[in-house]
Structures are given as C-alpha cells and as structure tokens.
Undergrad: 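Here's a structure for you.
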Amino acid sequence: MGLFWGFGGLVWLFLGLLVAFFVYSDASGRYPRGSLAPLAWAVGVVFGGLLVLLIYLVVRPSGERREEMEEKGEGRG
C-alpha cells in the first residue's frame with residue numbers, strides 16, 4: 001500500500017502543478033506586465049487546490065488576453 005500511496009501522491013502533485021501552470025500562464029496574459037497577481041494565483045492554487053481554482057475562474061479579468069491585443073496592435077503605447 002505504501003508504493004500505491006506514494007505513486008498516487010506523485011500523480012496529485014503533478015496534476016496540481018499542471019493546473020498551477022495553467023493558471024499562471026492564463027493570468028500572465030490577463031494582468032499587466034510586472035504584476036505579481038499571476039504568481040499569487042498559481043501559489044494559491046498549489047496550496048488551496050480546487051477552491052482557489054474556482055475562485056480564480058470567477059474573478060479573473062474578462063476580455064482579451066494581452067497577447068491577443070498585441071497581435072491586433074492595440075497593446076502598443
């Protein structure tokens with residue numbers, strides 16, 4: 001049982017880090033450059049799990065991501 005628990009723990013750790021990476025990359029495109037919000041959300045997801053992920057999905061800034069705006073030429077200034 002110890003081996004199974006260890007493997008299951010690694011799977012959950014990997015999934016948590018994968019979700020945190022998704023949140024970080026999504027938030028990096030939605031918040032201004034230099035903002036600490038993407039890092040804070042990613043760390044929150046690592047330690048808070050599904051609850052923090054759901055909160056992020058509800059409160060994240062809406063609209064186009066920064067990269068999409070730059071492709072259209074709207075993000076230059």
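Predicted, not measured: the structure shown is a model, and the values here were computed from it.
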Undergrad: Could you work out, with side-chain contact (heavy atoms from CB on, under 4.5 Å) as the rule, every residue matching Leu51, not counting sequence neighbours?
TA: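 Leu51: side-chain contact (heavy atoms from CB on, under 4.5 Å) contacts with Ile55.
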
Undergrad: Linking I/L/V/M/F/W/Y whenever their side-chain heavy atoms sit closer than 4.5 Å, directly or via other members, would Phe22 and Leu18 fall into one cluster?
TA: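 Unlinked, Phe22 and Leu18 end up in two clusters.
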
Undergrad: For the CG atom of Asp26 and the CH2 atom of Trp41, what is their distance to the nearest 0.5 Å?
TA: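 It is 11.5 Å, given to the nearest 0.5 Å.
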
Undergrad: Check which hydrophobic residues are tied to Leu39 through side-chain heavy-atom contacts below 4.5 Å, counting indirect links as well, and list them.
TA: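 ILVMFWY cluster around Leu39 also holds Leu13, Leu17, Tyr24, Val43, Val46, Phe47.
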
Undergrad: Verify, without hydrogens or angle tests, whether Ser35 (side chain) and Tyr31 (backbone) share a donor-acceptor contact under 3.5 angstrom.
TA: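 No: the side chain of Ser35 does not pair with the backbone of Tyr31.
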
Undergrad: Applying a strict under-4.5 Å side-chain criterion to I, L, V, M, F, W and Y, I'd like to know whether Leu57 and Val59 cluster together.
TA: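 Cluster IDs for Leu57 and Val59 match.
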
Undergrad: Give me the atom names and distance for the closest heavy-atom approach of Val52 to Val45.
TA: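 For Val52 and Val45, the tightest heavy-atom pair comes out as CG1-N, 3.7 Å.
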
